[in-house]
There are 2 protein chains.
Amino acid sequence: MSVTIKDVAKRANVSPSTVSRVLSDSSKISDKTKKKVRKTMDELGYHINFNARVLVQKSTKAIGIVMKHSASQSMQNPFFPEILRGISAFCHKKEYSISLTTGESEQAIFEEVIKMVQGKRVDGLIVLYSKEDDQVVPYLLEQKIPFVVIGKPASQSNQMMYVDNDNVQAAKEATEFLIQLGHERIGFIGDDPTFQVMQDRLNGYREGLLTSGLEVIDAYVKDFIYGTDRVKQIIDELVALTIKPTAIVISADVNAFAVMKELRERGITVPEQMSIISFNNTILSQFSIPPMTAVDIQTYQLGYEASRCVIELIHDTEMFKHSVIIPTIIKVRESTCIPKIAET
Amino acid sequence: MSVTIKDVAKRANVSPSTVSRVLSDSSKISDKTKKKVRKTMDELGYHINFNARVLVQKSTKAIGIVMKHSASQSMQNPFFPEILRGISAFCHKKEYSISLTTGESEQAIFEEVIKMVQGKRVDGLIVLYSKEDDQVVPYLLEQKIPFVVIGKPASQSNQMMYVDNDNVQAAKEATEFLIQLGHERIGFIGDDPTFQVMQDRLNGYREGLLTSGLEVIDAYVKDFIYGTDRVKQIIDELVALTIKPTAIVISADVNAFAVMKELRERGITVPEQMSIISFNNTILSQFSIPPMTAVDIQTYQLGYEASRCVIELIHDTEMFKHSVIIPTIIKVRESTCIPKIAET
DNA sequence: GTGAAAGCGCTAACAC
DNA sequence: GTGTTAGCGCTTTCAC
């Protein structure tokens, strides 16, 4: 029913292979034949059947994106669209298409990854998270399919490529930024600790305190599971302390937003009574009141480099497995200031 | 290199066609053979090559998502991930995979759509926007490939399926909500007027005023192009009026956020001096200070229904082309109140 | 119930 | 430079 290479060949009085060669713009075909063949293609409204090519070439020119479970959560976070935008940009340049996992649970996503890989639907993958006890990465490793992880792998990091920020360093710098302003009592609010990025940021925070000769106070360190009402509880606990922190490092701006709101409701002013520095610098950081000082992790770049890496890896499977660290930048806005003497 | 249907056939002492029948769980194969074949599949680590099946069956079990140009903008808006989540959910249920356009410009996206369609990489598509002078929709119509538009088509709406809110009605209700509170001078801030949704909301706003016997005042109606500094200008203009509005209907919560910030900077309090009702009810609505009263357009449902529609359409191309209207709900929060008498 | 054979639309040796 | 031929891995008549 739809027009094939053979139809074109017949009409142009050449062989199918010639048409195929024209399709791939082979240098062995004379300009004259090329022109002739292209003309008949147009006349017939021919368009290549990608699947047929895929079948013989064993290259799909598609990459799979493995989402963090659950998609619901990861999508609520503006981080996701931004990273996707970075991935898209490079993929589009290299004419790769993007295929998304659709599952909600870890298990559902894993099964889809298997289908993508075994079913040969993608040439490579980008894993949008790095997590302890994850099944996807070990599976991909075992299948020897090109893939790149965004975030530092929890283990075997030398066997795979990853794109990440130096989250330890970034959190250290964020903490030091507060210290340089004069803060000495600095809290930390993280979220799901099973993700590597949280561990790193927590460690960086600790390092920042320690290298400045400050103590790490356990009561100042909290976890925040998004979606629950932990915020209120956390702020309750922090406020109940006789010696309260004057500043907090918060692992994600979505969380910082919630914290700032909660502080506001209790009449605690930001930054006067509490300085806040957050991570990610998504659009939310600019929208908060006051706008947040935030560590810009350059999400777009993270995605862009990740897709560059997989695509390079696809073309050279034996490539040296280097990893890419995207620098972070502190965007100073209005949620941080020098601590109030009165409060010290 | 990878194990094929023939390998399984040989090992199980059956023919390739039998293996194929087992794959599709044909009723003509005895349970005994099925068991035997499945066992050897496991032993050999066989997995179907999807592309081969696609080539012969001419069904990819994939649907393409056509993004609004530019991806950058649409992705910044939390609307996008939420709709994608709805699409994913249904696709996952029906075991369809999702393929995204990656281009930034309208032209780049159009070219990708052509590749998706002609290259037979997808069985159907969802167009995430509805816009005047769009090339994609007419093309899809001409190609006779199943597709669904999210938003009301600018023209030929009877020839295609779409999923939308009743935006005229929703805007009317939002306006009437303010009128019922006692507001009589109500403004409207839209954005890119080339999108159908904007036209609809503007019309609904007008209707709302007119049916309540209020006048439409041109000076109260503004457009807002996201990313530019039009906000300041708009607020300047509104504030400069001798008779200012006491309430505003704003077409998207991202925009409402910007407006509220701008008002705040000028010391105009929300809702006391200016009531605000916005559209979409993304996570931003909850995060603003004060939290916004917003029209919930049920974005997730929009996506879910859209994928249900394309997939049904794929299975029954001759299906009656009905469209789906997703109801909206006004979420009352704290950005609206009765107008202050002093100001009237 | 199961097998043999043809073919989906393309590419890639190998000829010439 | 161009044609011939043999598949890629699967499904699907048509036999039996």
Side-chain angles (χ1 to χ4, degrees), chain A residues 1-41 44-62 95 115-123, chain B residues 1-41 44-62 95 115-123:
Chain A
M1 66 176 203
S2 57
V3 6
T4 77
I5 219 175
K6 284 186 189 162
D7 302 324
V8 177
K10 212 165 287 172
R11 177 83 111 89
N13 283 315
V14 293
S15 75
S17 41
T18 301
V19 179
S20 171
R21 287 183 186 111
V22 173
L23 274 181
S24 50
D25 202 19
S26 157
S27 56
K28 320 191 139 190
I29 300 288
S30 71
D31 279 2
K32 200 175 142 223
T33 341
K34 276 188 188 172
K35 209 162 280 173
K36 184 176 65 178
V37 170
R38 294 217 173 97
K39 187 156 161 275
T40 38
M41 280 180 175
L44 263 41
Y46 170 82
H47 196 281
I48 190 173
N49 181 324
F50 217 82
N51 302 305
R53 169 182 277 186
V54 162
L55 187 58
V56 36
Q57 293 197 148
K58 282 142 177 39
S59 151
T60 62
K61 292 272 259 172
E95 304 206 281
K115 279 190 197 162
M116 278 188 182
V117 174
Q118 309 261 43
K120 310 220 184 331
R121 287 152 85 84
V122 296
D123 292 343
Chain B
M1 82 185 184
S2 56
V3 6
T4 76
I5 218 175
K6 284 186 190 163
D7 302 324
V8 177
K10 212 166 285 172
R11 177 84 111 89
N13 282 315
V14 294
S15 74
S17 35
T18 301
V19 179
S20 171
R21 288 185 184 109
V22 172
L23 273 181
S24 50
D25 202 21
S26 156
S27 57
K28 324 190 134 189
I29 300 287
S30 71
D31 281 2
K32 201 176 141 221
T33 344
K34 274 187 187 171
K35 209 162 278 174
K36 184 176 66 179
V37 171
R38 293 216 173 96
K39 188 159 160 272
T40 38
M41 280 179 175
L44 262 42
Y46 169 82
H47 197 282
I48 189 172
N49 181 323
F50 217 82
N51 302 305
R53 170 180 278 187
V54 163
L55 186 58
V56 35
Q57 293 196 151
K58 283 144 178 36
S59 150
T60 61
K61 292 271 260 173
E95 304 207 281
K115 279 191 195 160
M116 277 189 183
V117 175
Q118 310 261 44
K120 310 222 184 329
R121 286 151 85 84
V122 296
D123 293 342

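Throughout, a chain's letter reflects where its sequence line sits, starting with A, and its residues are numbered from 1. What you see is a predicted model, and the numbers here were worked out from it, not measured in a lab.
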A.B. asks: Using a heavy-atom cut-off of 4.0 Å across all strands, would you classify A:Val54 as base, sugar-phosphate, or nothing?
C.D. replies: nothing
A.B. asks: For DNA chain C, what residues of residues 25-41 of chain B have any heavy atom nearer than 4.0 Å?
C.D. replies: B:Lys28, B:Ile29, B:Ser30, B:Thr33
A.B. asks: Scan the side chains in residues 47-54 of chain A for donor-acceptor partners under 3.5 Å anywhere in the protein, sequence neighbours excluded, and list what turns up.
C.D. replies:
| residue | atom | partner | partner atom | Å |
| --- | --- | --- | --- | --- |
| A:Asn49 | OD1 | A:Asn51 | N | 2.9 |
| A:Asn49 | OD1 | A:Ala52 | N | 3.3 |
| A:Asn51 | ND2 | B:Lys120 | O | 2.8 |

A.B. asks: Take the C1' atoms of the five end pairs on each side of the helix from C:dG1-D:dC16 to C:dC16-D:dG1, get both axes, and report the angle to 10 degrees.
C.D. replies: 30°
A.B. asks: Which residues pass the salt bridge (charged side-chain N to carboxylate O under 4.0 Å, His left out) test with A:Lys34, sequence neighbours left out?
C.D. replies: A:Asp25
A.B. asks: Start with the C-alpha distance between A:Val37 and A:Ile29, add both sets of side-chain angles, then the distance that settles side-chain contact (heavy atoms from CB on, under 4.5 Å), and finish with yes or no.
C.D. replies: CA-CA 11 Å; A:Val37 170; A:Ile29 300 288; over 6 Å; no
A.B. asks: For B:Asp31, which residues count as a side chain to side chain donor-acceptor pair (under 3.5 Å) partner, sequence neighbours excluded?
C.D. replies: none
A.B. asks: Listed by chain and number, what are the side chain to side chain donor-acceptor pair (under 3.5 Å) partners of A:Ser59, not counting sequence neighbours?
C.D. replies: A:Asp123
A.B. asks: Pairs in or reaching into residues 4-14 of chain A: which pass salt bridge (Lys or Arg N to Asp or Glu O under 4.0 Å), with residues at least two apart or in two chains?
C.D. replies: A:Arg11-A:Glu43
A.B. asks: Given atom OH of A:Tyr46 and atom C1' of C:dG9, what is their separation to the nearest angstrom?
C.D. replies: 7 Å
A.B. asks: Ignoring hydrogens, what is the shortest heavy-atom contact between B:Ala12 and B:Thr40? Give both atom names and the distance.
C.D. replies: CB-OG1, 3.5 Å
A.B. asks: With a cut-off of less than 4.0 Å, is there a side-chain N or O of B:Ser20 near OP1 or OP2 of D:dT11?
C.D. replies: yes
A.B. asks: I need the CG-C1' distance between B:Leu55 and C:dG9, as an integer number of Å.
C.D. replies: 6 Å
A.B. asks: Quick one: side chain to side chain donor-acceptor pair (under 3.5 Å) partners of B:Arg21, sequence neighbours excluded?
C.D. replies: none
A.B. asks: Any protein N or O atoms within reach of nucleotides 4-6 of chain C? Criterion: under 3.5 Å, listing atom names and distances.
C.D. replies:
| residue | atom | partner | partner atom | Å |
| --- | --- | --- | --- | --- |
| C:dA4 | N6 | B:Ser17 | OG | 3.2 |

A.B. asks: Mind calculating the distance between NZ (B:Lys6) and C1' (C:dG3) to the nearest angstrom?
C.D. replies: 14 Å
A.B. asks: When you check the side-chain N and O atoms of A:Ser24 and A:Ser26, is any donor under 3.5 Å from an acceptor?
C.D. replies: no
A.B. asks: Establish, from distance only, whether the side-chain atoms of B:Thr18 and B:Ser15 form a donor-acceptor pair under 3.5 Å.
C.D. replies: yes
A.B. asks: By nearest atom, which of the nucleotides C:dG9, D:dT11, D:dG9 is closest to the A:Asn49 side chain?
C.D. replies: C:dG9
A.B. asks: Specify the separation, in whole Å, of atom NE2 of A:His47 and atom P of C:dC10.
C.D. replies: 11 Å
A.B. asks: Would one find a side-chain N or O of B:Thr18 under 4.0 angstrom from OP1 or OP2 of C:dT2?
C.D. replies: no
A.B. asks: Between A:Lys58 and D:dG9, does any side-chain N or O lie under 4.0 Å from OP1 or OP2?
C.D. replies: yes
A.B. asks: In this structure, how many angstroms lie between the P atom of C:dT11 and the CG atom of B:Asn51, rounded?
C.D. replies: 14 Å
A.B. asks: Quick check: on DNA chain C, is the nucleotide nearest B:Val56 upstream (toward 5') of the one nearest A:Arg53, or the reverse? Name the residue that is more 5'.
C.D. replies: B:Val56
A.B. asks: To the nearest Å, how far apart are A:Ile48 CD1 and C:dC8 C1'?
C.D. replies: 14 Å
A.B. asks: Between A:Tyr46 and A:Thr4, what is the shortest heavy-atom contact and its length?
C.D. replies: CE1-C, 3.6 Å
A.B. asks: Just how far, in rounded Å, is P of C:dC10 from NZ of A:Lys10?
C.D. replies: 13 Å
A.B. asks: List in chain and number order the residues that pass side chain to side chain donor-acceptor pair (under 3.5 Å) with A:Lys115, two or more places apart in sequence or in another chain; answer none if no residue qualifies.
C.D. replies: B:Glu95
A.B. asks: Just the rounded figure in Å: distance from C1' of C:dC10 to CD1 of A:Ile5.
C.D. replies: 6 Å
